[in-house]
Amino acid sequence: MQSAHALADFAVKFENEFKQWQMGSNYLCCLEASDLKIDKIIYKLNMFGIKYQEFFEPDIGNQRTAIAVEALSRKQHSKLFNKLKLTLS
């Protein structure tokens, strides 16, 4: 559910990118990552100028629980996320 919050916030903040994704690949991928790994990914996203939106859950002390990332090429996706596991929940 946390990823849905991040996606909704991304859609509001980056309306054009969201519409391009929706009309293009419409591909979703939910991955598991520790806070440390998320920090490293965010560093790389910033370094490459890739748009993303973090979600912080107010019910658990505004802890970051998810991020949504703009549509990426397969090469970019693999480079950033190849060491993460798919989440099944």
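If you read the sequence from its start, that first residue is 1, and numbering goes on from there.
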[atom1] of [X] to [atom2] of [Y]: how many Å apart, nearest 0.5 Å?
X     : Y     : atom1 : atom2 : answer
Leu80 : Ile50 : CG    : CD1   : 5.0 Å
Leu31 : Leu86 : CG    : CG    : 5.5 Å
Asp39 : Lys37 : CG    : NZ    : 12.5 Å
Ser34 : Ile41 : OG    : CD1   : 8.5 Å

Open item on the list: Please say yes or no: joined through hydrophobic side-chain contacts below 4.5 Å, possibly via intermediate residues, are Met47 and Leu84 part of one cluster?
Closed with: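 Same cluster.
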Task: Single-linkage hydrophobic cluster Phe81~Tyr43, side-chain heavy atoms < 4.5 angstrom - done: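 Yes: a chain of side-chain contacts under 4.5 Å links Phe81 to Tyr43.
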TODO: Using side chain to side chain donor-acceptor pair (under 3.5 Å) as the criterion, list what pairs up with Lys51, not counting sequence neighbours.
DONE: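 Side chain to side chain donor-acceptor pair (under 3.5 Å) list for Lys51, sorted by chain: Glu17.
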Task: Over all atoms of both residues, closest heavy-atom pair of Ile67 and Leu45 - done: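 Distance-wise, the nearest heavy atoms are CD1-CD1, 4.3 Å.
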- [ ] Would you mind listing every ring-ring contact (aromatic ring centres under 6.0 Å, His included) that reaches into residues 9-41, with sequence neighbours excluded?
- [x]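 Every pair satisfying ring-ring contact (aromatic ring centres under 6.0 Å, His included) with a residue in residues 9-41: Phe10-Phe14, Phe18-Trp21.
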With a cut-off of 3.5 Å and sequence neighbours excluded, list every side-chain donor-acceptor pair involving residues 52-61.
residue, atom, partner, partner atom, Å
Tyr52, OH, Asn46, OD1, 3.2
Tyr52, OH, Asn46, ND2, 3.3
Glu54, OE1, Arg64, NH1, 3.1
Glu57, OE1, Gln2, NE2, 3.4
Glu57, OE2, Asp59, N, 3.1

